[in-house]
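Structure, as structure tokens:
We count residues from 1, following the sequence as given. Bear in mind that the values here come from a model prediction, so they are computed numbers and not experimental data.
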Amino acid sequence: MDTPLSTVAVVGLGTMGTGIAEILARAGREVIGIDISEEAARLAVSSLEASTARAVERGRMTDEERRDALARFRTFSDLQAAADADLVIEVVHESYEAKQQVFRALDAIVRPTTVLATGTNALSVTRLAADSAHPERVLGMHFFNPAPAMKLVEIVSSVLTAPQAVEAVTALARDLGKEPVAVGDRPGFVADGLLFGYLNQAAAMYEAKYASREDIDAAMKLGCGLPMGPLALLDLIGIDTARTVLDAMYAESHDRLHAPAPILKQLSEAGLRGRKSGRGFYTYEAVGSQTVVRDALTPLESAGVTPGRPVRSVGVAGSGTMASGIAEVFAKAGYDVVLAARSQEKADKAKARIAKSLSRSVDKGRMTAEARDETLDRVTPAGSLDAFSDVDLAVEAVAEDLEVKQQLFETLDKVCKPGAVLATTTSSLPVVACARATSRPQDVIGMHFFNPAPAMKLVEVVRTVLTSDAVHATIREVCVKIRKHPVDCGDRAGFIVNALLFPYLNNAVKMVEQHYATLNDIDAAMKLGGGYPMGPFELLDVVGLDVSLAIQKVLHGEFRDPGLAPAPLLEHLVAAGCLGRKTGRGFREYAGR
């Protein structure tokens, strides 16, 4: 199988097949496009003509290069056209029956040395190979959508695949400008194996009416830096496709996290499959459009009828990075801020941290020296919570320990004036437990900022069953004034972001534990295939393995789902003191703390 794979047949000219054909033609390969639908073939040619014309306009290719690329792409309606191909990539309908039919027919058409690749992202490559006359030449070549733009290609080997076939398609992927990652055969492989569990949980969260579709998507974009929210991404992928992938994953893992959320079945069977049908979780301007239009579920701009309470002064309790960051946010927005710590010295140090942060903003041209001084003047450091006697809003940002927080709320209850709103920034503890430590639980709410608070736009607004409408409205209004994006959610472990993020991170650890893929391959797969700003192991080391383990334990304790049990490898690393960047070693080693 020592072949340069100069002639490649692509079977199935839908969106993915057309994208793969374009990459190959532009990279100098002779491309044979095959589809039983003449309309699909015509659209594939039109798509290549349009994309290469845009490339010429943008100076990315010459007119001559465009003509050559178009000449290299020929379309046919019969598999017999693949007879002289060095490689065949099938991207037909995601079903064993359809794919096996293609491979059986190809066995009688192509040369014995021709490599056969399936573009499946959910089905077993081994099962497809076993049904072939030459299983050693069958492998998976999983591109990501849109294929011309996405860098990742997962090269999937079965136990039957010949190393030479893997080497040949890996070299081809590199020649196409892609980043190949070698993986074994299991449903979802690396990227989709991690991605679809997360998407499924997001669908279940929406189905449970825990948060709106807009808030779930905004939370994951703003809280994690993802290019798309999970529900919008499901609409892009296709809800029927997502259900197929999850069914395949669940059949192998029997993990409840992979059992498709019922809403995926309901939407699929109703024909609401996402963008390709014009409606899924959202409603679109037209079939295939990316433009979301208002529908019956779109929140009204004037939804908040209950007026909030006036807030002129804010108290922030704590002396750490989060407390000083939150105090800085409020002071920048024009609020008078009392920053209280356990001692005057700690409070003064916290204010000094704010001064450094503001000075960095001046150095970068983001604010004037005058604005910095005015902002800093609004912050009053105090060594006691007694200084909160006249604040309208008290925000605690102390240690993530329920007993510590409850004691603090008992004090706030005594110190703060009637009508003051009391907020906790907890990321994992029950807000209602803090509320019950006071005589006014209706005035207590969660206000979960993300680190670093001055930079991160998201605030999760966490209502308990006791929180009053006026308090909820107050915090929503305050979030807008401090230029943060509020998302509403109920009082349960992890809220939106952590409840979706940490099971994904935990599953990545399990993948390494099972020796399925390396740290580097998994990180590369999620960055290149999912558009994540950081790979899961990079993120775990930054967050801290101890913090990650604590949150995962809280999630497991609340939802009692076996799939949420912390990965033993994560527990072992924490027990060994390998906590990530802060200790110099976590999943990776670092030169300095």
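- A 6.0 Å sphere centred on CZ of Arg294 holds more than 12 heavy atoms belonging to other residues, nucleotides or ligands.
- Donor-acceptor pairing under 3.5 Å is recorded for the side chains of Asp235 and Tyr284.
- When the shell of 6.0 Å around CG of Leu297 is examined, it contains more than 12 heavy atoms from other residues, nucleotides or ligands.
- The two residues Glu252 and Pro187 make their nearest non-hydrogen contact at OE1-CD, 3.0 Å.
- Rounding to the nearest 0.5 Å gives a distance of 9.5 Å between NE2 of His134 and OG1 of Thr113.
- The shortest heavy-atom contact between Val512 and Thr518 is CG2-C, 4.4 Å.
- Residues Asp107 and Leu116 meet the side-chain proximity criterion, which asks for heavy atoms closer than 4.5 Å.
- Considering only heavy atoms from C-beta on, His448 comes within 4.5 Å of Asn498 through its side chain.
- Between Gly586 and Leu573 the shortest heavy-atom distance is O-CD2, 4.1 Å.
- When only modelled atom types and interatomic distance are considered, Ser212 and Asp488 share no side-chain donor-acceptor pair under 3.5 Å.
- Looking only at side-chain heavy atoms (C-beta outward), Ile522 and Leu194 come within less than 4.5 Å of each other.
- The shortest non-hydrogen separation linking Phe76 to Ala81 is CG-CB, 3.4 Å.
- For Arg256 and Asn200, the side-chain atoms include no donor-acceptor pair closer than 3.5 Å.
- A distance-only check finds a donor-acceptor pair linking the side chain of Lys178 to the backbone of Met150 [under 3.5 Å].
- When each of Arg66, Glu57, Arg26, Arg67 is paired with Thr52, the side chain to side chain donor-acceptor pair (under 3.5 Å) condition holds for Arg66 and for no other.
- In this pair, His142 and Phe144 present their aromatic rings tilted. The plane angle is within the 30 to 60° band.
- When the shell of 6.0 Å around CG of Asp84 is examined, it contains 12 or fewer heavy atoms from other residues, nucleotides or ligands.
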request  = Take Leu5 and Asp175 through the test side chain to side chain contact (heavy atoms under 4.5 Å, CB included) and record every step on the way to the result.
outcome  = CA-CA 11 Å; Leu5 307 182; Asp175 195 47; over 6 Å; no
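- Between the CZ atom in Arg29 and the CD1 atom in Ile20 there is a gap of 14.5 Å [rounded to 0.5 Å].
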query = Yes or no on side chain to side chain contact (heavy atoms under 4.5 Å, CB included) for Lys276 and Thr241, after CA distance, side-chain angles and deciding distance?
reply = CA-CA 11 Å; Lys276 60 188 173 186; Thr241 301; 3.6 Å; yes
task = Apply side chain to side chain contact (heavy atoms under 4.5 Å, CB included) to the pair Arg279 and Asp295, showing each step before the final yes or no.
result = CA-CA 10 Å; Arg279 187 177 161 197; Asp295 60 19; 5.6 Å; no
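- Atoms NE2 and CG, from His556 and Leu549 in turn, are 12.0 Å apart once rounded to the nearest 0.5 Å.
- Separating the CG atom in Leu505 from the CE atom in Met526 is a distance of 10.0 Å, to the nearest 0.5 Å.
- With Asp217 contributing its side chain and Ala232 its backbone, the two residues share a donor-acceptor pair below 3.5 Å.
- In this structure, Tyr532 and Tyr504 have tilted ring planes: the angle between them lies in the 30° to 60° band.
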request  = Carefully, step by step, assess Tyr210 and Ile496 under the rule side chain to side chain contact (heavy atoms under 4.5 Å, CB included).
outcome  = CA-CA 9 Å; Tyr210 175 67; Ile496 297 174; 4.0 Å; yes
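- Separation of atoms CD (Glu154) and CG (Leu139) is listed at 13.0 Å; rounding is to 0.5 Å.
- For Glu38, the CD atom is loosely surrounded, since the number of other residues' heavy atoms within 6.0 Å does not exceed 12.
- In this structure the side chain of Lys265 reaches within 4.5 angstrom of the side chain of Arg243, judged on heavy atoms.
- Here the side chains of Pro533 and Leu226 are in contact, with some heavy-atom distance below 4.5 Å.
- A donor-acceptor pair shorter than 3.5 Å cannot be found between the side chains of Thr7 and Arg72.
- If you check the side chains of Ser124 and Asp185, you find a donor sitting under 3.5 Å from an acceptor.
- Closest heavy-atom contact between Ala122 and Glu94: N-OE2, 3.1 Å.
- Classification of the Tyr206-Phe281 ring pair by plane angle, with boundaries at 30° and 60°, yields perpendicular.
- Between Ile239 and Leu272, every side-chain heavy-atom pair lies at or beyond the 4.5 Å cut-off.
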query = What do the steps show when you test Glu90 against Lys99 for salt bridge (Lys or Arg N to Asp or Glu O under 4.0 Å), and what is the final call?
reply = CA-CA 8 Å; Glu90 72 73 21; Lys99 292 180 185 295; 3.0 Å; yes
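- Using a 4.0 Å cut-off between charged nitrogen and carboxylate oxygen, Glu513 and Lys510 do not count as a salt-bridge pair.
- Looking only at side-chain heavy atoms (C-beta outward), Leu43 and Thr18 stay at 4.5 Å or farther from each other.
- Within 6.0 Å of the CD atom in Gln290, the count of heavy atoms belonging to other residues, nucleotides or ligands does not exceed 12.
- Contact of the Leu152 side chain with the Val181 side chain is registered, since non-hydrogen atoms from C-beta on lie closer than 4.5 Å.
- Once rounded to the nearest 0.5 Å, the distance linking CG of Leu195 with CG of Asn507 reads 12.0 Å.
- There is a side-chain donor-acceptor pair under 3.5 Å between Ser158 and Thr161.
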request  = Show your reasoning for whether side-chain hydrogen bond (donor to acceptor under 3.5 Å, both in side chains) applies to Thr291 and Arg275.
outcome  = CA-CA 9 Å; Thr291 304; Arg275 287 190 190 181; over 6 Å; no
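- Residue-environment remark: CD (Gln100) exceeds the threshold of 12 foreign heavy atoms within 6.0 Å.
- Remark: the backbone N or O of Ser268 is not paired with any side-chain donor or acceptor of Asp240 at under 3.5 angstrom.
- The two residues Pro180 and Ala173 come nearest to each other via the heavy atoms CB-CB, 4.0 Å.
- Between Thr244 and Asp247, the side chains place no donor N or O within less than 3.5 Å of an acceptor N or O (distance only, hydrogens not considered).
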